[in-house]
Amino acid sequence: MKPAPFRYHRPSTLDEAVRCMAELDDARPLAGGQSLMAMMNFRYVTPQHVVDLNRIPELAGIETTADGAIRIGAMTRQRDVKDSPLLRERCPLLAEALQWVGHVQTRNRGTLGGSLAHLDPAAELPGVLHALDAVLEVRGPDGARDVPMSEWTLAYMTPALEPGELLTAVRLHPWPPGHGHGFHELARRHGDFALAGAAALVHLEAGVVSRAAIALVGVDDGPLRLPAAEALLTGHAPDPQRIAAAADAAVEVPGIDDVHASAAYRRKIAVVMTRRALTDAAARASSVVPASVGPASLPRGERRIAPPPSPAGGSVSG
């Protein structure tokens, strides 16, 4: 199919883009186009105006700030986030999770801000940034404001953006050197959205967890933190029994029922993905596994769970 007729706008400054979004009726911003263009072609959305953000230099780039935070422009390509030496060293969880996002071709065009604003429940980046306690910078006709990632999801695919506002950047404070990270998900095929996935961060002091963060994707309207699981880990050695007990907290998440999987199945997968992510994070924090970007091997005796039968009744591989 082809999109319905629309007017195309190509601002060259952020002020001009904000003015377009504020003054035009039924306007949609265009970032990487990996979601919007497909939705327009299927006529799931039919905006009257499309505001192209791709020629605004100030919206892209990765830099450190005076207070030690890392600031990533909303129009920074996912490929550039994944390959950034700064982020691979100081925030390796982002690079690891991006290996699961789509394919090389889509990461070449897809942007960090586009994924966050689209806010698909199964998208990896919102979950990772929730675990990292990121802060989102927003700009609109009334000025700029910050939105904590914990307040970003209002409802299904509905971010905390007021009419006329644009997401401009993401700020995060890296965890201390030596922390461990892990990310695992289960999808029908590599590059598909996850049926369930988990991001984990662990920091140890004298062999005891001093700080932990766990976020799930694919199981609720947006990314979901597991504070009860984090509390179970904090103050204890991250042995397999403690990790398993923390992962079991994922059983309590709501779970989404749809044509791809039942809520019960997603909860089951969330437990397994949380355990794997925590195992990786604890091993890396303990220096048992060198800090690296890439899934660690499965614990001895653990097997991957295949996805459920397809709606047509056939089976699919995971």
Side-chain angles (χ1 to χ4, degrees), residues 64-72 84 86-97 124-136 146 148-152 170-185 197-217 223-253 270-299 302:
T64 55
T65 65
D67 64 351
I70 296 177
R71 185 179 185 272
I72 310 172
S84 163
L86 173 66
L87 291 173
R88 292 175 74 90
E89 177 186 355
R90 303 195 59 197
C91 191
L93 177 61
L94 260 176
E96 174 152 332
E124 294 87 354
L125 289 172
V128 169
L129 291 170
H130 198 6
L132 288 163
D133 296 308
V135 174
L136 283 61
D146 290 344
M149 192 64 213
S150 58
E151 300 174 10
W152 184 243
V170 175
R171 293 197 318 274
L172 57 92
H173 286 274
W175 280 43
H179 74 272
H181 67 280
F183 185 91
H184 279 271
E185 69 174 43
L201 292 161
V202 170
H203 187 257
L204 301 181
E205 293 182 5
V208 171
V209 177
S210 59
R211 183 183 176 191
I214 307 166
L216 300 180
V217 299
L224 194 67
R225 283 287 290 266
L226 296 180
E230 296 167 5
L232 278 172
L233 288 168
T234 305
H236 301 277
D239 56 56
Q241 294 74 25
R242 179 66 56 173
I243 287 174
D248 284 343
V251 172
E252 305 300 324
V253 302
V271 170
V272 177
M273 297 302 111
T274 301
R275 185 165 68 249
R276 292 178 183 175
L278 283 172
T279 298
D280 284 2
R284 285 165 171 154
S286 302
S287 298
V288 174
V289 176
S292 62
V293 174
S297 59
L298 294 179
E302 187 167 284

Exercise for the section: Spell out, as yes or no, whether a donor-acceptor pair under 3.5 Å connects the side chain of T64 to the backbone of G68. Expected result: no
Exercise: identify the closest heavy-atom pair between [X] and [Y]:
X: P238; Y: I243; value: O-CD1, 3.5 Å
X: A131; Y: A213; value: O-CB, 3.5 Å
X: M149; Y: P126; value: CE-O, 3.6 Å
X: A281; Y: A200; value: CB-O, 4.0 Å
X: A246; Y: L232; value: CA-CD1, 4.0 Å
X: R211; Y: P176; value: NH1-CD, 4.3 Å

Flag side-chain contact, heavy atom, 4.5 Å: [X] against [Y]:
X: L216; Y: M273; answer: no
X: L172; Y: V135; answer: no
X: R90; Y: I70; answer: yes
X: L125; Y: V217; answer: no
X: P177; Y: E89; answer: no

Would you compute the distance between atom [atom1] of [X] and atom [atom2] of [Y] and round it to the nearest 0.5 angstrom?
X: L136; Y: L129; atom1: CG; atom2: CG; result: 7.0 Å
X: S210; Y: L233; atom1: OG; atom2: CG; result: 11.5 Å
X: R284; Y: L204; atom1: CZ; atom2: CG; result: 13.5 Å
X: L132; Y: L201; atom1: CG; atom2: CG; result: 5.5 Å
X: L224; Y: I214; atom1: CG; atom2: CD1; result: 11.0 Å
X: S84; Y: I72; atom1: OG; atom2: CD1; result: 7.5 Å

Exercise for the section: Taking only Lys NZ, Arg NE, NH1 and NH2, and the carboxylate oxygens of Asp or Glu, determine whether E96 and R88 approach each other closer than 4.0 Å. Expected result: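 Here E96 does not pair with R88 in a salt bridge, since their nearest N and O are not under 4.0 Å apart.
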Exercise for the section: Look at D248 together with R275 and state whether they make a salt bridge at an N to O cut-off of under 4.0 Å. Expected result: no
Exercise for the section: Among residues two or more places apart or on two chains, list those pairs meeting salt bridge (Lys or Arg N to Asp or Glu O under 4.0 Å) that have a residue in residues 226-244. Expected result: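 Of all non-adjacent pairs touching residues 226-244, those that pass salt bridge (Lys or Arg N to Asp or Glu O under 4.0 Å) are R225-E230.
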Problem - H181 and D280: side chain donor to acceptor below 3.5 Å - result: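 On atom types as modelled, these side chains do not qualify, holding no pair under 3.5 Å.
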